[in-house]
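Structure, as C-alpha cells:
None of the values given here were measured: they were computed from a predicted structure. In what follows, chains are A, B, ... by sequence order, proteins preceding strands, each numbered from 1.
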Amino acid sequence: MKSEPGDISIDDLASLPNQAVAWYGVRNYQARNFMRDQMQINDSVFFYHSSCAVPGIAGIARVCSTAYPDATQFDSKSKYFDPKATQENPRWFHVDVQLVQKIELISLAELRRHPQLAGMRILQRGNRLSITPVDPVEWKFILDHLVRS
DNA sequence: GCCAACGTTGGC
DNA sequence: GCCAACGTTGGC
C-alpha cells in the first residue's frame, strides 16, 4: 500500500493511537476492489513511501478491519468528497491498517536489483495503482533477503 | 519540471 | 459504445 510520506509516513503511523490508520482517500476502483474484495483481517502489507526523495518499502503493516465506507466521500469540505456517493449507496471503501514494524527502507532501486522481483506490480512501468497484491513468493523473498529492522 | 502511462469524462 | 481530450500519478 502506497502512501506519500508528506501525507502519512511510516513515522506518522508509528505515532498514531494503536498505530492504526483508516486508509481513506482511495479513489480508484481497482484499488478499492482490492481492499473491499480481497483483503482480510491480519493480512500482511508492505507500507510503501511514494512520490518522495527515496521511494521504497518503509515498513510492514497488517490489515485490522474489513472494508467499510470511506467517510471522506460524504464530507463536502474534504478533498476526497464525492458528490455522487450517498450514505445509502457509498462508492468508496477502505480498510484500517496497523503498523507491525518499521524497517530499514528498501528502496525502489534495490527492489529493481533483484530479478526474483521483476514481476512485482509496483515495479512495472507506468504502474499507478496505490494498492497492489503481492505474490506470496515475492513476499517471502523480500522478508528473507531484504528486510532489516 | 518532464513525461509516460493510464483512468475518467463527455460529446457524438 | 467510441474515442479524443484532459487529469493524475509518480519515477526520474
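Among B/dA5, C/dG10, C/dG11, the nucleotide with an atom closest to any side-chain atom of A/R128 is B/dA5. Closest approach to the A/K84 side chain among B/dT9, C/dC12, C/dG10 is made by B/dT9 (side chain taken as heavy atoms from C-beta onward). Distances from the side chain of A/P55 to the nucleotides C/dG10, C/dG11, B/dT8 place C/dG11 closest.
At the heavy-atom level, A/R27 lies nowhere under 4.0 Å from the strands shown.
When rounded to the nearest whole Å, the span between CE of A/M120 and P of C/dG11 equals 13 Å. Whole-Å rounding puts the A/N127 CG to C/dC12 C1' distance at 16 Å. In this structure, the NZ atom of A/K79 is 8 Å from the P atom of C/dT9, given to the nearest Å. Following rounding to the nearest Å, A/Y29 (OH) and B/dG7 (C1') show an atom-to-atom distance of 11 Å. Here C/dT9 presents its P atom at 12 Å from CG of A/L129, a figure rounded to the nearest Å. If you take CD of A/Q124 and C1' of C/dG11, they are 14 Å apart, rounded to a whole angstrom. One can place OH of A/Y80 at 9 Å from P of C/dT9, the figure rounded to the nearest angstrom. In this structure, A/R121 atom CZ and B/dC6 atom C1' are separated by 12 Å, rounded to whole Å.
Side-chain atoms of A/D70 and A/T72 form a donor-acceptor pair, as typed in the model, at a separation below 3.5 Å.
Remark: side-chain polar atoms of A/Q73 are paired, donor with acceptor, to backbone N or O of A/R91 under 3.5 angstrom.
Contact check, A/R32 against B/dG7: no side-chain N or O comes under 4.0 Å of OP1 or OP2. Put simply, A/Y48 has a side-chain N or O that comes within less than 4.0 Å of OP1 or OP2 on C/dG11. OP1 or OP2 of B/dA5 sits under 4.0 Å from a side-chain N or O of A/R125.
The ring-ring contact (aromatic ring centres under 6.0 Å, His included) test with A/W23 singles out one residue from A/F47, A/F34, A/W92, A/Y80, and that residue is A/F47.
Every residue two or more places apart in sequence or in another chain was checked for a side chain to side chain donor-acceptor pair (under 3.5 Å) with A/R128, and none qualifies.
Within 6.0 Å of atom CZ in A/F74, more than 12 heavy atoms from other residues, nucleotides or ligands are found, so the atom counts as buried in its surroundings.
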